[in-house]
Amino acid sequence: MDVIRSVDTMQALALGWRARGKKVGFVPTMGYLHQGHTTLIELMRQRCELLIVSIYVNPLQFGPSEDLSRYPRDPKGDAAKCRAAGCDVLFMPDNLYPSDFRTKVHVDGVTTRWEGAERPSHFEGVATVVCRLFGLVQPTAAMFGEKDFQQFTVLKSMARDLAMGIEIIPGPLVRDHDGLALSSRNVYLSPEDRRRALTLHQALYALRDSRSQSAAERIAAGRAILDCDSLDYLAIVDPETLEPVELVDRPLRAIATARYGRTRLLDNVAIAP
Ligand code: PAF
């Protein structure tokens with residue numbers, strides 16, 4: 001596995017692979033890799049000839065009250081995990097943006113609610129960094145985990161709207177042995193908060209397994225189970241538009257974000273009527 005830190009080297013290599021018609025798979029990450037990430041890397045490995053993983057903690061997607069410097073990092077451990085999962089090139093730029101960088105990528109509609117409402121400018125930061133990474137890495141396909149369901153929807157819309165010619169593939173949400181959705185942020189949970197955090201997926205499962213046709217009734221069933229310090233949202237949405245629905249009459253997605261101490265946890269499940 002090669003480790004590349006320079007954006008110019010990365011793009012020069014990528015353009016060469018593209019000219020030779022290689023199928024290049026890409027898994028962008030912010031590092032501190034867990035089994036959720038390595039699952040994406042292993043799945044992408046099977047679909048491409050060259051596999052690139054990026055690790056870059058993107059300042060643009062952090063709000064002013066969100067502590068960028070507190071984001072967990074483990075470059076050595078990450079490199080070992082990437083190598084073991086079959087990565088060919090690990091792109092770990094120290095700095096991704098030139099000093100006079102002046103472009104922002106804004107995706108409309110699907111960014112306004114949920115994470116978009118809680119974290120203004122977050123998705124602009126995500127879309128901008130992924131767009132730049134796509135330009136540097138020139139992938140034919142990229143995989144994003146469904147754990148961040150809204151992020152996946154935003155990036156799928158961006159790639160389609162801008163005719164990027166990159167296949168955006170959903171990767172599965174991976175859970176711990178007790179059902180907690182794997183997240184780099186789980187390390188911040190106290191043992192007590194981690195125990196309470198299990199009610200997040202339990203609430204989503206209750207809502208999924210309810211027989212009611214009413215979204216409001218299903219959400220009430222989920223809320224009855226949930227034990228958290230505060231709930232940002234618990235909703236049943238259309239999986240394409242992310243608009244909330246009233247009736248559970250087609251395949252939908254239940255999404256939730258709750259806070260435990262200072263830690264925000266996201267989770268979601270697919271709902272079949
Ligand atoms: O999901 C993430 O880790 C990040 O939002 C991404 C897609 C790598 C962009 O920084």
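Note that ligands are numbered from 1 as they come in the structure, with each ligand's atoms numbered from 1 the same way. Sequence positions, counted from 1, serve as the residue numbers for this chain. Everything numeric in this text was worked out from a predicted model, so none of it was measured. Atom set for the values below is all heavy atoms of this structure, side chains included, hydrogens, waters and symmetry mates excluded.
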- Nearest heavy-atom pair of Leu33 and Asp78: which atoms, and what distance? N-OD1, 2.9 Å
- Task: Identify whether the distance between the nearest side-chain nitrogen and carboxylate oxygen of Arg119 and Asp232 falls below 4.0 Å.
- Result: no
- Item | Within 45° cone and under 6.0 Å: Arg70 NZ/CZ vs Tyr188 ring | yes
- Going through the checks in order, is the side-chain contact (heavy atoms from CB on, under 4.5 Å) test met by Leu207 and Ile271? CA-CA 9 Å; Leu207 185 157; Ile271 300 202; 3.5 Å; yes
- Could you tell me whether the side chain of Gln11 and the main chain of Gly135 form a donor-acceptor pair under 3.5 Å? yes
- Query: How far is atom 2 (C) of ligand 1 from its nearest protein heavy atom, and which residue and atom is that?
  - Reply: Gln151 NE2, 3.8 Å
- Query: If you count the atoms of ligand 1 from 1 in the order shown, which ones are under 4.0 Å from a heavy atom of Val129?
  - Reply: 9 (C), 10 (O)
- Flag Asn58 as yes when one of its N or O atoms lies below 3.5 Å from any N or O atom of ligand 1, and as no otherwise. no
- Heavy-atom contacts under 4.0 Å between Thr29 and ligand 1: side chain, backbone, both, or neither? backbone
- Message: Could you work out, for atom 9 (C) of ligand 1, the closest of Lys147, His122, Met30, Gln61 by heavy-atom distance?
- Response: Gln61
